[in-house]
Amino acid sequence: MPELPEVETVVRLIRPDLEGRRIEDARVGWARTLGGVSRPAFERGVVGARVARVWRRGKYIVLDLERGGGAAGCVVGHLRMTGRMHVEPRDSDPGAYVRVSLDLDDGRVFRFVDVRKFGRFVYAARPEDVFAELGPEPLGAEFTAGWLRAGLRRKRRMLKPLLLDQAFLAGLGNIYVDEALHRARLHPLRLSNRVPGPASDRLHAAIRSTLAAAIEHEGSSFDAFYRTPEGQPGGYQDQFQVYGRDGRPCRTCGRTIRRIVVGQRGTHLCTRCQPAPRRSAGPAL
DNA sequence: AGCTACTCCTGGTAGC
DNA sequence: TGCTACCAGGAGTAGC
C-alpha cells in the first residue's frame, strides 16, 4: 500500500510536472473521491488556479494553489490503498479508473487514478481542514530517540497498532511497521510502556533506516497495482525481511516467518528475532 | 484509554 | 470453464 516512501516517491515525480502549472479544467469521475466537497465547489476551487507547491505530510499529498500570486486554498490527496497520480499527455489512454482529471496549461493532464475508490482528492482552504491530527514526521527533526522513548512510555498500547496510528507518528503503514519492528527485534504485541529505553532507541533507528532505504528504492511494489508513477515497480519489496514472507525462512536466523492478525491487519514476524512479550493479552507465540 | 468490529471498494484468487 | 465466497487494508466511526 502506498506508505510514506511510496508517497514521497509520487511527490518527487509529479512535483516538477505540476509546480507552476495553471489548471484549465477539471473533471470528476467519482464524486466520493472529493470527500464531501461538492463538484461545483471543487471546480470553483481548482479551475483557473496555479499549483504553487507540491508537498507531503505523512501519507497526504498537498497541492498549494494560488491566484494572482496570492494563496487560494489547496488540494489534499490521499492514495489509501490503490491510488495513483500521473501527469500524462492528454491524448493518452486514461484507463478505466480515473477519478479526477485536471487539464494543465502545458497541454498535459493530471490524473488521480484509484481502482478501489478509497483514495481522496479534496479541495480545502487549508490542509489542516483535511488532515486528522497527525504525529511527527518520522524523518523530521522532531522525531528523536528521546521523543519516541517518552511517547512509548506515556501510552499503554501494543506496538503494532500504535505505530499504525497516524496521530502518534505520521506515515507508517502495515508494511513498514512490520519491517521496522523486525529490524528493531521487537514483537508487534509488546506493550509500548514496557519497551526498555535501549529497545526504544533501536526502534527509532529502525523506523528511520527502513523508511530511508525504501525511499532510496522508490518504494515497494508487489501487485500489478503498486507501481511508481512512471509505471515502473519500486524496488524495496526485494528487501522485505518479514512482510508477505510468512512460511519462508527469516533472513536473519532461518526460523519460519509467521503471520498473525492484529487489529484486523496481517502482521508478519520472526518469533526468534522478535521474542514474545512475557505477559500480555496476545496469544502465546 | 484502548480495544474490537464494521464500513468503504474491487480485482485477484481459492474452492468447487 | 464458470460460478461464488472471501480476502487485502488506510482510516473513520461506533460501541464496549
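Between Y97(A) and dC9(B) there is no side-chain polar atom (N or O) within less than 4.0 angstrom of OP1 or OP2.
For the pair G263(A) and K117(A), both in contact range of DNA chain B, the more 5′-proximal nearest nucleotide belongs to G263(A).
Judged by distance alone, with hydrogens and angles left aside, the side-chain atoms of R245(A) form a donor-acceptor pair with the main-chain N or O of Q241(A) at under 3.5 Å.
A centroid separation of less than 6.0 Å is found between the aromatic rings of F143(A) and H204(A).
Tested against E137(A) for a salt bridge (Lys or Arg N to Asp or Glu O under 4.0 Å), the candidates R57(A), R208(A), K59(A) yield a single pass: R57(A).
Computed from coordinates, the D114(A) CG to dC8(B) P distance equals 16 Å when rounded to whole Å. Between D246(A) atom CG and dC7(C) atom P there is a gap of 15 Å when expressed in whole angstrom units. Separating the CZ atom of F168(A) from the P atom of dA1(B) is a distance of 15 Å, rounded to the nearest angstrom.
Note on ring orientation: taking the six-membered ring where Trp is involved, the planes of F168(A) and W147(A) are tilted (angle from 30° to 60°).
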Exercise for the section: Apply the test side-chain hydrogen bond (donor to acceptor under 3.5 Å, both in side chains) to residues T256(A) and R248(A): give CA-CA distance (whole Å), side-chain angles for both, the deciding distance (0.1 Å), then the verdict. Expected result: CA-CA 5 Å; T256(A) 302; R248(A) 297 164 66 193; over 6 Å; no
Problem - B/S/- contact track for nucleotides 9-16 of chain C, protein heavy atom under 4.0 Å - result: BBBS----
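Donor-acceptor pairing under 3.5 Å is lacking for the side chains of S192(A) and R157(A).
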